[in-house]
Novice: 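There's a structure below that I have some questions on.
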2 protein chains.
Amino acid sequence: MAHAVANSYDRLNTGLDLTRQMAQQLSQAIYNGDLKPGQRLPTEAAVSQRYGTSRSVVREALSMLRQSGLIVSRRGSGSFVADSPTAELRFKLPHRSFQAVIELLELRRAVEVEAARLAAIRRTSSQLRHIRNAMADIDEAVENGGTGVEEDMAFHRSIAKAANNAYFTASIDFYNRFLQHAIAVTRTNEAQRLTFMEQVVAEHQAILNAIADGEAEAAARCVVTHLSRAEKRLRQAPAELFDRIDKKEDAPTSTPN
Amino acid sequence: MAHAVANSYDRLNTGLDLTRQMAQQLSQAIYNGDLKPGQRLPTEAAVSQRYGTSRSVVREALSMLRQSGLIVSRRGSGSFVADSPTAELRFKLPHRSFQAVIELLELRRAVEVEAARLAAIRRTSSQLRHIRNAMADIDEAVENGGTGVEEDMAFHRSIAKAANNAYFTASIDFYNRFLQHAIAVTRTNEAQRLTFMEQVVAEHQAILNAIADGEAEAAARCVVTHLSRAEKRLRQAPAELFDRIDKKEDAPTSTPN
DNA sequence: TTAGTAAGGTTGTCAGACATCTTTTACCAG
DNA sequence: CTGGTAAAAGATGTCTGACAACCTTACTAA
């Protein structure tokens, strides 16, 4: 049906740039499946005529899709929908915005709670072992004088992996890239370090036990508790630590080893 | 440092497209710090002259950087290096993979449940009104013979917005791009359509009520119910509906010649 | 001083042309 | 008919020039 595609070729009316509108509509058509992986797109001339724009607009729109990995173009041949189309989620973390970190923590909590719930149900024994090891690694790192930040993140990651859903793992990795600094703040808050460490260990242990016992709801509750307290600990961190976070980007971790 | 800039303005010699080379050099200049956040880029004309290419090439290269979130352009003013670092999360949705859709639904459920919980607590009266309107829009769309897919997504989006956390909104928009198709399947499942519609309306109403009443836990439970049932409805959809999704525009399978 | 306005600069869009490469077609030899 | 080769057609990549829409600045006039 030729006009089954018609919905994807609506008028370009809104206030946005023509090129953005076109990129949007084309990517929609790809996500919808109106344009399927491997399929050839209409020629630039055809698209420009259909949308009533110039070829420049089409080319810049295609340039965006190309950059997003949605299409590939071959000179003399045409442009084709990528074999496994990807979508990107992009987060902006405004500089020195404490609020943004808090909001990200909320999102992370949403995902990790569900991940723990699923992990309690679906974990294999091998995955449970990995979680145990990850927890032991934190202690070891701390005893060796490290901050244990990497290991802490790996612990949470191992839980996400035990949920057996690749999207959870990818999401948590994504959040952690932004939150790494924030986690570091909590763990390097010397004033309260020992108190915090004990709390964290206990909370981690509770999560692990719930997952080991296959208690989904308990695991979820434990993660809620853990991450809510993590937020509290973060809020208690001295302001100067945050400053250091925001400008840390110049030198690679001058933290005392 | 001084000649670091010179490196950025080398000849464009390799076999790649001019536009790709230029995009590469410019983004490198940004990562290097030769071009700092907030700084204005040279004008398109200047860049094209400096590199010895046409303005089209420059514009397409900038289009790529724009898509990557590295720069922003303001008409009449210029292009500027973005001031907030961005990270991108890319999901691959394997073609024809029913399993991938299910996994995405799980992730979406995690986020939307928390969004509803927060919305119940933080919503403004204006945002509540938006949610109400969005719900009415679904009915209207259906009565007018539409599927209401767009409106359904808008309803969930309005809830995410009421959570007053931009990352939730962005995430849900992201998931929905992948899931739009799956939602459409449920909504166009003629066999059970009326039954499903009634269920969906009731579930939406329950969510709305909980959010209106400020009952966070109730709102969360309602969303869990709604999305779990949505998954069930999706699983009940006849296989041929999925097939139609996957090969919607696959007409010319007949062997020519 | 301040408001208004004109001038110039910059990105966004359009149109047409040519270069380079790929695919298809047409033709010819076998 | 078949197979191979060359020409033609078609597609993307690049160039050029022009105008539109918008922003910024500077200058003028009250």
Side-chain angles (χ1 to χ4, degrees), chain A residues 9-27 29-30 35 38-83, chain B residues 9-27 29-30 35 38-83 252 255-257:
Chain A
Y9 288 88
D10 273 348
R11 280 282 166 282
L12 304 177
N13 280 333
T14 50
L16 280 173
D17 296 350
L18 291 181
T19 166
R20 281 188 169 85
Q21 296 177 52
M22 176 168 293
Q24 205 169 319
Q25 298 228 0
L26 287 177
S27 47
I30 292 176
L35 297 170
Q39 183 177 343
R40 207 183 116 177
L41 278 80
T43 70
E44 295 173 353
V47 175
S48 74
Q49 202 161 11
R50 170 145 238 164
Y51 283 89
T53 70
S54 76
R55 213 185 128 207
S56 319
V57 171
V58 178
R59 281 194 59 77
E60 289 184 24
L62 293 186
S63 185
M64 293 169 69
L65 299 196
R66 223 169 1 243
Q67 180 64 13
S68 299
L70 259 59
I71 67 170
V72 292
S73 301
R74 286 197 285 278
R75 185 196 205 123
S77 177
S79 293
F80 302 80
V81 179
D83 286 331
Chain B
Y9 289 89
D10 270 347
R11 279 285 165 279
L12 304 177
N13 280 334
T14 49
L16 281 173
D17 297 349
L18 291 181
T19 165
R20 267 172 240 256
Q21 296 178 52
M22 177 168 292
Q24 203 169 319
Q25 299 228 1
L26 286 178
S27 51
I30 292 176
L35 296 169
Q39 183 177 342
R40 204 184 122 174
L41 292 145
T43 71
E44 295 173 353
V47 175
S48 74
Q49 203 161 11
R50 170 149 246 162
Y51 283 88
T53 71
S54 76
R55 212 185 130 208
S56 320
V57 171
V58 178
R59 282 194 58 77
E60 289 183 24
L62 293 186
S63 185
M64 293 169 70
L65 299 195
R66 229 175 351 249
Q67 180 64 13
S68 299
L70 261 58
I71 67 170
V72 292
S73 301
R74 285 196 286 278
R75 183 195 205 121
S77 179
S79 294
F80 303 81
V81 180
D83 45 17
T255 57
N257 305 31

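Proteins come first, then strands; the chains are lettered A, B, ... in the order of their sequence lines, and each starts at number 1. Source: prediction; values computed, not measured.
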Novice: Base, sugar-phosphate or nothing for Arg20(A)? Non-hydrogen atoms, less than 4.0 Å.
Specialist: nothing
Novice: Nearest to the side chain of Arg75(A) - dT20(C), dC14(C), dC15(D)?
Specialist: dT20(C)
Novice: Distance check needed: dC14(C) C1' versus Tyr51(A) OH, whole Å only.
Specialist: 19 Å
Novice: Side chains of Ser27(A) and Leu65(A): closer than 4.5 Å at any heavy-atom pair?
Specialist: yes
Novice: Could you point out which residue of Ile30(A), Leu70(A), Leu26(A) forms a side chain to side chain contact (heavy atoms under 4.5 Å, CB included) with Val81(A)?
Specialist: Ile30(A)
Novice: Check every atom of dC14(C), dT14(D), dG12(C) against the side chain of Leu18(B) and return the nucleotide holding the closest atom.
Specialist: dT14(D)
Novice: If I compare all heavy atoms of Ala82(B) with all of Gly69(B), which pair ends up nearest, and what's the gap?
Specialist: CB-O, 3.3 Å
Novice: Using atom CG of Leu62(B) as one end and atom P of dT13(C) as the other, report the distance to the nearest whole Å.
Specialist: 14 Å
Novice: Pick one: which of Arg50(B), Arg55(B), Arg75(B) meets salt bridge (Lys or Arg N to Asp or Glu O under 4.0 Å) with Glu44(B)?
Specialist: Arg55(B)
Novice: For Ser73(B) and for Arg74(A), find the nucleotide of DNA chain C with the closest heavy atom, then tell me which residue's nucleotide is more 5'.
Specialist: Ser73(B)
Novice: Check every atom of dG13(D), dT22(C), dA15(C) against the side chain of Ser77(A) and return the nucleotide holding the closest atom.
Specialist: dT22(C)
Novice: Over how many whole Å does the gap from Leu65(B) atom CG to dT11(C) atom C1' extend?
Specialist: 15 Å
Novice: Please determine if a side-chain N or O atom of Ser54(A) lies less than 4.0 Å away from the OP1 or OP2 oxygen of dT13(C).
Specialist: no
Novice: Whole angstrom is fine here: how far is it from CZ in Arg59(A) over to P in dA19(C)?
Specialist: 17 Å
Novice: I need the CZ-P distance between Phe80(A) and dT12(D), as an integer number of Å.
Specialist: 9 Å
Novice: Expressed as a whole number of angstroms, how long is the span from Gln49(A):CD to dG16(C):P?
Specialist: 12 Å
Novice: From the options dA11(D), dG12(C), dG13(D), select the nucleotide whose nearest atom is closest to the side chain of Arg55(A).
Specialist: dG13(D)
Novice: Hey, does Leu41(A) have a side-chain heavy atom less than 4.5 Å from the side chain of Leu62(A)?
Specialist: yes
Novice: Within this structure, what is the CD-to-C1' distance between Glu44(B) and dT16(D), rounded to whole angstrom?
Specialist: 15 Å
Novice: Closest to the Ser56(B) side chain: dT16(D), dC14(C), dG13(D)?
Specialist: dT16(D)
Novice: Whole Å only: how far is the CD atom of Glu60(A) from the P atom of dG13(D)?
Specialist: 13 Å
